[in-house]
Amino acid sequence: MRWLLLALWLVAVVATVVPLFLPEPAQIELVVADSTFGQDLTGAVATITDQRRGTALSQPVTSQGGSQRVWIDRIQSGPQSLKVQIQGFRPATTEFLAAPLELTRQEVALESLHTRVLVEVVDGRTGDPLREARLDQPPASPRSIETGYELLLPEGDYQLAGEAPGYCRGERTLATAPGQTIRLQLPLSPVLTAGEAARLILDWGENPRDLDAHTLLELSDAEVSKPHAYFGHKQVESDAGTLLAELDIDYLHSEGFETTTLYNSSPSTYRYF
């Protein structure tokens with residue numbers, strides 16, 4: 001009986017003493033940042049996985065002093081290996097030493113998985129910006145900026161569409177890849193006037209570096225005598241001096257567009273290429 005009581009006393013002593021030797025807790029402040037586009041992460045939810053201990057928790061990103069931060073109020077001090085995950089970003093792992101009973105700050109740079117698309121809606125005949133235009137078919141919520149709209153899109157193929165008073169609805173497609181910034185113009189055709197027969201807008205992406213729009217009026221059998229509107233001869237007129245076709249805009253670089261207007265003054269068959 002005496003040995004049993006002694007054993008029970010030792011168990012009680014060990015249960016009381018062992019917690020006194022556990023590592024003391026620490027507090028951690030993770031300063032997170034979008035290293036790709038610098039977007040504000042406030043309000044996003046971060047999942048923090050303790051890779052040494054196999055535990056995880058989710059915390060909101062808050063803003064303080066111009067920085068975005070994630071707080072971990074209580075964690076075991078000592079060496080840390082934390083994986084930080086926020087939707088739309090590549091997971092990042094940070095390793096450091098957390099001092100006991102102190103606040104440890106650690107910076108974490110996150111690489112975006114999105115593409116930043118900057119869209120400027122313009123007049124298809126002049127290239128002038130249309131400030132009153134809006135995107136009516138964006139694949140994500142656009143943010144208005146001084147030059148038009150900004151979109152952050154996951155990798156994929158998309159179609160943009162826009163409209164403005166006095167203009168036809170315009171569309172164009174684009175393909176995105178993580179980490180890219182794409183600047184493009186969305187040209188809108190002014191509504192045709194009584195003297196205009198049609199307006200043709202050719203646009204392209206990053207490749208090829210340039211495209212050229214050509215329009216032939218099939219007014220004769222001889223190829224050399226056919227009126228031909230292109231970059232080297234932008235206006236085509238009849239023998240009487242009446243305007244038949246005009247290359248309004250000639251772009252010489254990627255993400256460009258070229259516009260051709262045809263007129264009613266000469267009903268004909270047109271070959272466009």
Side-chain angles (χ1 to χ4, degrees), residues 117-139 142 144 147-149 151 157-175 182-273:
V117 182
L118 304 176
V119 183
E120 183 180 34
V121 185
V122 299
D123 184 308
R125 290 204 69 184
T126 66
D128 295 333
L130 297 176
R131 300 305 182 199
E132 71 277 19
R134 68 182 183 87
L135 295 182
D136 66 356
Q137 188 179 313
S144 295
T147 57
Y149 292 96
L151 297 164
D157 297 322
Y158 298 92
Q159 179 170 290
L160 297 177
E163 59 183 19
Y167 290 81
C168 301
R169 187 170 182 267
E171 299 179 352
R172 70 174 300 172
T173 59
L174 74 152
I182 298 177
R183 293 175 173 83
L184 60 84
Q185 292 180 318
L186 176 62
L188 303 185
S189 168
V191 174
L192 297 176
T193 65
E196 296 172 341
R199 184 166 294 114
L200 312 173
I201 298 180
L202 166 71
D203 62 49
W204 59 94
E206 181 179 0
N207 292 302
R209 303 295 296 177
D210 183 25
L211 282 179
D212 293 308
H214 295 255
T215 306
L216 279 178
L217 280 69
E218 303 285 0
L219 297 178
S220 67
D221 293 333
E223 190 77 18
V224 293
S225 63
K226 292 178 180 179
H228 181 191
Y230 68 109
F231 64 87
H233 190 67
K234 296 183 179 181
Q235 289 188 335
V236 172
E237 298 178 348
S238 67
D239 293 339
T242 303
L243 187 61
L244 303 178
E246 181 176 11
L247 179 65
D248 301 301
I249 290 184
D250 174 31
Y251 265 75
L252 303 175
H253 53 75
S254 298
E255 303 293 351
F257 68 94
E258 297 200 355
T259 303
T260 304
T261 300
L262 309 180
Y263 294 88
N264 288 325
S265 51
S266 178
S268 176
T269 297
Y270 296 86
R271 181 145 56 97
Y272 181 77
F273 60 96

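Side chains included, hydrogens not; waters and symmetry mates left out as well; all remaining heavy atoms used.
- In this structure, Glu132 and Pro165 approach most closely via the heavy-atom pair CG-CD, 3.7 Å.
- Looking only at distances, no side-chain donor or acceptor of Arg172 sits under 3.5 Å from a matching main-chain atom of Ala161.
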For Arg125 and Ile249: C-alpha separation, side-chain torsions, deciding distance, then whether side-chain contact (heavy atoms from CB on, under 4.5 Å) applies. CA-CA 6 Å; Arg125 290 204 69 184; Ile249 290 184; 5.8 Å; no
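- Without hydrogens or angle criteria, Asn264 side chain to Ala194 main chain gives a donor-acceptor distance under 3.5 Å.
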Applying side-chain contact (heavy atoms from CB on, under 4.5 Å) to Leu262 and Arg199, what does each step give before you reach the verdict? CA-CA 6 Å; Leu262 309 180; Arg199 184 166 294 114; over 6 Å; no
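- Electrostatic pairing of Lys234 and Glu246 does not count as a salt bridge here, judged by no charged N lying under 4.0 Å from a carboxylate O.
- Judged by distance alone, the side chains of His228 and His214 do bring a donor and an acceptor atom under 3.5 Å apart.
- Smallest separation of non-hydrogen atoms from Ile201 and Pro187: CG2-CG, 3.7 Å.
- The environment of CZ in Arg169 is crowded: more than 12 heavy-atom neighbours from other residues, nucleotides or ligands sit within 6.0 Å.
- Gln185 contributes no side-chain N or O that, together with a main-chain N or O of Glu120, makes up a donor-acceptor pair within less than 3.5 Å.
- Across Leu211, Leu184, Val122, a single residue satisfies side-chain contact (heavy atoms from CB on, under 4.5 Å) together with Phe257, and that is Val122.
- Looking at Tyr167 and Asp123, their side chains do bring a donor and an acceptor atom within 3.5 Å of each other.
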Verdict with reasoning, Leu188 to Leu130, per side-chain contact (heavy atoms from CB on, under 4.5 Å): CA-CA 9 Å; Leu188 303 185; Leu130 297 176; 4.0 Å; yes
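- In terms of modelled atom types and a separation under 3.5 Å, the side chain of Thr259 and the main chain of Gly124 share a donor-acceptor contact.
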